[in-house]
Amino acid sequence: MTQVVLFNVFNGLIVGAFYALMALGLSLILNLSGVINFAHGGFLALGAYLAFTLIPYIGFWGALIVAPLLTSALGLVIERLLIRPLYGGDPLYGLLLTFGLAYIFEDVTRFIWGAQSLPFQLPAWLTTSLSSQFFFITGYRVFMIVIVVAAVGGLFAALNYTRLGMRIRAGTRDLDTVSTLGVNVRVLRSLNFGIGIYMAGLAGVLAAGLLGLSPTIGANLIMPSFVAIIVGGLGSLLGTLLGGLMIGVASGLAAVYFPSATEAVIYVMMGLVLLVRPRGLLGEEGRLH
Amino acid sequence: MANANPRLLNRRRLVKSGLALAGARFAGPFVISTRAAEAVRIGLDNPLTGPLASLGKNELIGCQMAIDEIDAKGGVLGRPVELVVEDSTSGDAGTAVMKARKLIGGDRVDFLLGNTNSALSLAMAEVSNEERILHIVPGGHTDAVTGASCHWNVFRVCSTTQMEANAVADALIKAYGKKFYYITFDYAFGHTLEAGLIKAATALGGTRVGGDLVPLGTSDYSSYLIKAQAANPDVILFLIGGDDMTNALKQAVQFGLDKKVRLAGAQQELEPLEGLPPEARIGTWVMEWYWNQPGAPHVAEFVEAVKKRAGRVPTARNWFGYVSAWTCALAAAKANSLKALDMAKALQDFHLPPEIALGPNPAFYRAGQNQLLASLFVGEAQAEGSAPDDLFKVTKVVDGAKAAGTLEESGCKMTWPT
Amino acid sequence: MSPTRLRPFDAAVLILLLFMPFWMGAIGGYTELATRIVVMGLAAMSLNFLLGFTGVLSFGHAAYFGLGAYGAAMGIKYLGLGTIPAVALGVAVATLAAMAIGALIVRRRGVYFAMVTIAFGQVFYFLAFRWNAVTGGDDGLSGWHRLPINFGFATLDIFGNDKAFYYFALVVFAVCVAAMAVLLNSPFGRSLTAIRENERRARFLGVPVEFHIWLSFVISCLFVSVAGALYALLNNFTDPRALRFDLSGNLVIMAVLGGMRFFWGPLIGAAIFVALQDYVSSHTENWMSVIGLVFVLVVRFFPRGVLGMLRSGAKA
């Protein structure tokens, strides 16, 4: 039994890392621009489908690099055309717009690639287990962890050691002052959005290897991202990371003791956090109320 | 006011014309065949969007093929047939019910077909029963449709979960052992499937060493697979479907579980198998219909016809749709009437002709239950068989009539209007 | 800005509603569509009590809509209640939930409040989904239907007769809408508007802001649950989809499409949205893109909604 529990905790961390990747992109956009990007799941799905289409031409590794970039490019276009005019306005409009975009994304992916689930082929050496004892540690899951660590590490490094990153962090605290200091806030927001979408696209490529590839793949993953942000605390990327990991582990434990509740448990966690510490684990007081 | 902001005026005009459009005549929905004043209409209320879209659309293709054949053979009671299609969505009962009412009340269909989603089938059955329309359910599996919630006007083509359980339990125990672990969808479909399998397996000496009820739409099956492996079973049964089936099998193979334990289940379909990478197409399953039946009469023609129309081999869903539409025509022909009551009576113990049954055993609607009993194909999934789309190797064909329990056990107590 | 009510406009709306089953057929609609418009209109107007008039965004109203639906359905199926007691049961359940949840979240605002309402909405969705034995799980709650109402002196057959049910729903709609109008025109309603316009100033003026928002939330959820109960009765069925966030999103877009600042705005929005969705989904599989496009166009070009534009057009 302990073995099952341990395995599930460890596996939960792996799954949680994946949730964290997706939630981080969402959090990045939310913190700087105040937009709840309901279409995040749609971008994830798009990243996955683009990878699927590109693999026959540039192989899995090529697709891993190119698909998120393409997705991010589309994200930049959408940001410039549709989302930019909404900044500073009622958050309602951002939510509604991205909600509508989510519908469109699902329909367009179904239209282009069909409703049928598509077989996503991974390189063979990735899909085998590393050991018989710890069979759930497959090459692919390790690979996922590596990618997530690299992406998250890269993100935190960029935020802390580059000028762009510094501006984003400053902008999250006080965008007006940043603007007064001569930073082009519009470009800053666009780039920030682009980075967030890049992470969604990357999460999509990873997801396709793990799950089946169908037009509704994004819809199931967006809710855990929200919960990760609420649990971890708005305004804190580290919080979101922690939130994602905690959700993964909670689900894993629930699977052991209370299987019917593996999905509901994350909402229970959210409820508890809201009761006990409303701003989230690492959230900042007063941040976006 | 004339020189007010011109942009604003243009927007107003746009809105006004938009309102006019919204209030304009709602023209008729999809019309597939030729429209004639006295055409017989079959209404299909099935998912064309959402997670069940691929299944729903395949059923639609089957219906369309049947309609074309029916028309070519003179139609229904000498009248041309028309298929009217509405998207029920994959899960919104409100929409499914509203579309059903639209088809019955607005388009005045003579028959109602649908739904892929069990819950929506039940909801639509209430409407069809209230309106006294003949209703054929092509692919909604919950047992209640021809069980506890059966109605005189509602017929079903696909099997009940009990039938599937009975068909496959035998094969599993004989070949692989007695200790079963169940990973089951946590709703009626899964519950009845598991109950059916437990019953069938116990009768043959099987035991349940453990199990998990999993929520529909689970992306990650790793925790359940970890638990399953720890219980040390002979067979892990995946009583799930659709994308969940794809996820679970993919992950199980990545874990190398297929090398330690037998992976199997009950219901399987081509659609989820096609979504799997070839190395994950494994396991013992039962399909309700399979295209590769060498030497069977009529089947090859059906396969060719679907290939020409859809560019792929037929799946069980195509067959469900095909049978459903044809059942309408045959019922009307036998009853010589389009009255639901007459046709329903005509369908009691009605046998499908071989070119529609497309299987080795006789296919008939059991009287008092309105459930089609045909053939069940037990076999193994395979990466590739005689052709790239031959993903299933049939090892045994079970007679549906034998796999079904008694009428009593189904729980259906049918009442007829006077 | 007080809830805008143009007297002739009110009359026009009421007359259109009164005769909808009749003119609906003439333009190719059908009675159930009309009833659905009334039910969704009520839901959207209830949401707008909170959104448009108090200025608080909830994206999780589907939860209370669904609770109303399940309460009524379970009342009829398991307790054998009559129609009106069943609706009352649904409303009671939803309102109690709203009171509890409202208390938890009332200190949050803006984006955070919206996200939290989404998440709580999902909790109820999962409850309905998981609690199979009681709610029927994913299969939904079926095997029951609305019963004719016996008033003692007469029986209203709302089961066999679609038009009868339409008028029943319309009466319920009228009662709720009248109640909302009265509330909005009362001092309480005015203080809600004050909160919407400038919360800090309202607080300085001594308005108990949190309590008012909580109360507005509860009232809004109460009326939305009435709509939910009617919806269950309309379909003779309810399932977990009635609780999902897509429905919440649709209600918000209906309110915005018609005009958030206007009393009848959400009803107009609901009529357009429901009719459009029905029409488009009959003609193309890609109706989701069309609906998504509606969301995008409304936000980008018509944020004040139909009535907002007509009004400013009239003013110009």
Side-chain angles (χ1 to χ4, degrees), chain A residues 1 3-12 14-15 18-19 103 106-107 110 114-122 124 126-132 135-141 207 209-217 219-221 224 248 251-256 259-264, chain B residues 47-58 90 183-184 186 211-231 242-257 259-260 270-281 312 315 383:
Chain A
M1 185 56 162
Q3 191 191 61
V4 174
V5 173
L6 274 174
F7 276 16
N8 263 305
V9 168
F10 198 50
N11 189 54
I14 298 177
V15 172
F18 173 73
Y19 284 149
Y103 272 175
E106 185 182 318
D107 201 49
R110 181 172 37 249
Q116 170 69 42
S117 225
L118 297 173
F120 193 84
Q121 189 65 303
L122 293 171
L126 273 182
T127 58
T128 47
S129 294
L130 292 189
S131 95
S132 187
F135 62 87
F136 63 91
I137 308 180
T138 63
Y140 190 67
R141 284 171 185 249
L210 193 65
L211 319 167
L213 181 58
S214 75
T216 51
I217 190 178
N220 293 336
L221 293 169
S251 278
L253 285 174
V256 179
S260 301
T262 45
E263 285 178 344
Chain B
L48 302 175
T49 55
L52 298 175
S54 61
L55 303 176
K57 282 181 178 197
N58 279 339
S90 286
I183 296 183
T184 311
D186 192 7
D212 277 316
L213 291 173
V214 316
L216 190 71
T218 299
S219 315
D220 187 66
Y221 276 82
S222 41
S223 355
Y224 304 110
L225 294 171
I226 291 173
K227 285 176 76 180
Q229 202 262 2
D243 288 342
D244 286 62
M245 176 71 80
T246 310
N247 294 348
L249 286 178
K250 199 166 177 172
Q251 289 158 19
V253 170
Q254 284 179 354
F255 287 178
L257 280 183
K259 312 226 177 1
K260 301 181 189 170
L270 262 184
E271 288 89 345
L273 287 181
E274 286 168 352
L276 286 168
E279 68 271 9
R281 293 174 188 153
R312 48 149 309 134
T315 70

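A quick note: this is a predicted structure, and the numbers were derived from the prediction, not measured. Here is how names work: the chains are called A, B, and so on, in the same order as the sequence lines, proteins then strands, and each is numbered from 1.
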**Asked** Checking B:Glu271 against chain A: side chain, backbone, both or neither under 4.5 Å from a heavy atom?
**Response** both
**Request:** Pick whichever of A:Ala115, A:Pro119, A:Gly114 has the most heavy-atom pairs under 4.5 Å with chain B.
**Result:** A:Pro119
**Request:** Would you check if the side chain of B:Lys227 reaches a backbone N or O of A:Val256 as a donor-acceptor pair within less than 3.5 Å?
**Result:** yes
**Request:** Pick whichever of B:Gln229, B:Met245, B:Lys57 has the most heavy-atom pairs under 4.5 Å with chain A.
**Result:** B:Gln229
**Best-contacting candidate, A:Leu221, A:Leu213, A:Leu210, against chain B by heavy atom pairs under 4.5 angstrom** = A:Leu210
**Message:** To check you understand the geometry: which heavy-atom pair defines the closest contact between B:Ala53 and A:Arg110, and what is its length?
**Reply:** CB-CD, 4.1 Å
**Prompt:** Of the backbone (N, CA, C, O) and the side chain (C-beta and beyond), which part of B:Thr246 lies under 4.5 Å from a heavy atom of chain A, both, or neither?
**Reply:** side chain
**Heavy-atom proximity to chain B below 4.5 Å, by part of A:Ser117** = both
**chain A contact via B:Leu55 - side chain, backbone, both or neither, heavy atoms under 4.5 Å** = neither
**Closest non-hydrogen atom pair between A:Gln121 and B:Pro278, with its separation** = NE2-CD, 3.7 Å
**Asked** Do you know which of B:Glu279, B:Lys259, B:Gln251, B:Lys250 has the most heavy-atom pairs with chain A at a distance under 4.5 angstrom?
**Response** B:Lys250
**Complete:** Nearest heavy-atom approach of B:Ala230 to A:Val4 is CB-CG2, 3.3 Å
**Request:** Please flag which part of A:Leu122 lies under 4.5 Å from any non-hydrogen atom of chain B: side chain, backbone, both or neither.
**Result:** side chain
**Item:** A:Ile217 portion near chain B, given a 4.5 angstrom heavy-atom threshold
**Value:** neither
**Message:** Among B:Leu276, B:Leu213, B:Asp220, B:Asp186, which residue has the highest count of heavy-atom pairs closer than 4.5 Å to chain A?
**Reply:** B:Asp220
**B:Lys260 portion near chain A, given a 4.5 angstrom heavy-atom threshold** = side chain
**Message:** Here's a test for you: under side-chain contact (heavy atoms from CB on, under 4.5 Å), which of A:Ile14, A:Val15, A:Asn8 qualifies with B:Ser222?
**Reply:** A:Val15
**Item:** Option in B:Asn247, B:Ile226, B:Val253 with maximal non-hydrogen atom pairs under 4.5 Å from chain A
**Value:** B:Ile226
